[in-house]
Amino acid sequence: MPRALITGITGQDGLYLSELLLSKGYEVYGLIRGQNNPKLELVRHTVPGVHLVTGDLTDMSSLLRALNVAQPDEVYNLGAISFVAYSWDNAHVTSDVTGQGVLNILEAIRLYAGDDLGKVRFYQASSSEMFGKVQEVPQRESTLLWPRSPYGVAKVFGHYMTINYRESYGMHASSGILFNHESPRRGPEFVTRKVTQAVARIKLGLQDDITMGNLDAKRDWGFAGDYVEAMWRMLQQDEADDYVVATGETHSIRELLDVAFNRIGIDEWQSYVKQDPRFMRPAEVELLIGDPAKAQEKLGWKPKVGFEELVTMMVDNDLVEQRALAGI
Ligand code: GDP
């Protein structure tokens with residue numbers, strides 16, 4: 001039975017990846033941070049088959065201990081402070097966790113595996129935010145990185161450190177450059193979920209409007225459940241490598257609003273949407289669109305859920321959830 005250790009087990013991707021690996025017969029371990037982590041119950045409830053180990057990406061001895069407990073064949077590093085807007089006000093902690101944390105886990109694997117480094121395969125959750133002020137359209141594996149936030153800079157560090165461990169030590173370390181991926185499990189601070197939650201609440205009469213930032217930014221949004229499949233496929237290859245994982249389509253925040261409001265029968269959403277500079281960013285990533293050709297060709301991976309289906313799925317889920325929360 002293959003064994004996997006996942007950092008970031010409490011996040012959207014940690015949960016989907018756990019479900020995927022459990023369905024494939026893996027013994028799955030999840031690293032969980034902090035005392036009384038409020039997401040502990042969510043993980044226990046959603047993926048009861050996962051064994052939890054306490055630890056923190058900023059604490060290398062806890063990582064070594066977790067590796068000794070899990071004895072993994074595969075390590076998926078999904079743990080990060082992942083909200084871009086937060087990273088300007090918390091640049092140091094973002095660098096420590098999202099950037100240095102990658103080095104910590106790579107070093108911990110090297111110490112744990114000793115002479116037998118080939119026994120552990122490593123996946124690093126890299127991000128399309130690394131492309132930032134994009135130097136090429138669409139973005140591919142070879143596109144020059146130009147991050148636009150402390151989060152993006154930290155992810156670039158982790159990406160190159162992963163490549164460096166592959167090249168220096170021959171580690172089977174792959175970096176998945178995942179474009180934005182969403183689901184009903186997405187945190188409500190991200191724009192898709194913020195919109196679908198608000199739209200559901202407007203429909204139910206629980207809220208009058210929504211306050212947003214820049215409506216012109218464009219993103220390549222896919223479904224997180226599809227994207228964890230690409231992570232797993234990367235670690236099944238003979239050779240480790242880097243892959244862009246994206247849909248190859250881009251949509252603006254306005255189009256997101258179009259689809260979400262349309263689902264509740266509103267075509268003209270302008271009167272429901274306010275804008276506030278509070279939600280604007282010091283530097284914006286204006287346009288992301290990925291070229292997933294390499295992932296398609298080498299991994300045989302293709303996204304299954306399209307943009308409209310994704311947004312509709314999220315609105316429908318939020319209608320059920322908000323109704324239950326409000327007791328109506
Ligand atoms: P990101 O691509 O990782 O930063 O994912 P987000 O979902 O946080 O943001 C996607 C885009 O939506 C960015 O260009 C934001 O500037 C834009 N956006 C516009 N209004 C909002 C908002 O109210 N909240 C968030 N999170 N993003 C917003």
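Just follow the structure's listing: the first ligand is 1, and inside any ligand the first atom is 1. Only heavy atoms go into these numbers, but all of them, side chains included; no hydrogens, no water, no symmetry mates.
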> For the residue pair F223 and Y16, does the interplanar ring angle fall in the parallel (under 30°), tilted (30 to 60°) or perpendicular (over 60°) class?
Replying inline: perpendicular
>> Ring-plane angle category for F83 and F190, please: parallel below 30°, perpendicular beyond 60°, tilted otherwise.
In response: perpendicular
>> Check this for me, if you would: do R254 and D216 make a salt bridge, where the nitrogen-to-carboxylate-oxygen distance has to be below 4.0 angstrom?
In response: yes
>> Just checking Y227 against W301, ring centres under 6.0 Å apart?
In response: yes
Sub-4.0 Å atoms of ligand 1 with respect to non-hydrogen atoms of [X]:
{"X": "N180", "result": "1 (P), 2 (O), 3 (O), 5 (O)"}
{"X": "E284", "result": "13 (C), 14 (O), 15 (C), 16 (O)"}
{"X": "F83", "result": "8 (O), 26 (N)"}
{"X": "G213", "result": "19 (C), 20 (N), 21 (C), 23 (O)"}
{"X": "V84", "result": "3 (O), 4 (O)"}
{"X": "N214", "result": "17 (C), 18 (N), 19 (C), 20 (N)"}
{"X": "A217", "result": "14 (O)"}

Nearest to [atom], what protein heavy atom do you find, and at what distance?
{"atom": "atom 8 (O) of ligand 1", "answer": "R281 NH2, 2.9 Å"}
{"atom": "atom 7 (O) of ligand 1", "answer": "V191 N, 2.8 Å"}
{"atom": "atom 22 (C) of ligand 1", "answer": "K194 NZ, 3.7 Å"}
{"atom": "atom 11 (C) of ligand 1", "answer": "I253 CD1, 3.8 Å"}
{"atom": "atom 26 (N) of ligand 1", "answer": "E189 O, 2.9 Å"}
{"atom": "atom 1 (P) of ligand 1", "answer": "E129 OE2, 3.4 Å"}

>> If you define the side chain from C-beta out and look only at heavy atoms, does anything of V244 sit under 4.5 Å from Q139?
In response: no
> Side chains of D318 and V199: closer than 4.5 Å at any heavy-atom pair?
Replying inline: no
Do the side-chain N and O atoms of [X] and [Y] include a donor-acceptor pair separated by under 3.5 angstrom?
{"X": "S62", "Y": "D56", "answer": "no"}
{"X": "Y86", "Y": "E189", "answer": "no"}
{"X": "T211", "Y": "D209", "answer": "no"}

>> Is there a path of hydrophobic side-chain contacts, each under 4.5 Å between heavy atoms, that joins L145 and V153?
In response: no
>> Tell me whether R219 has any N or O atom under 3.5 angstrom from an N or O of ligand 1.
In response: yes
> Judged by non-hydrogen atoms, does Y151 sit under 4.0 Å from ligand 1?
Replying inline: no
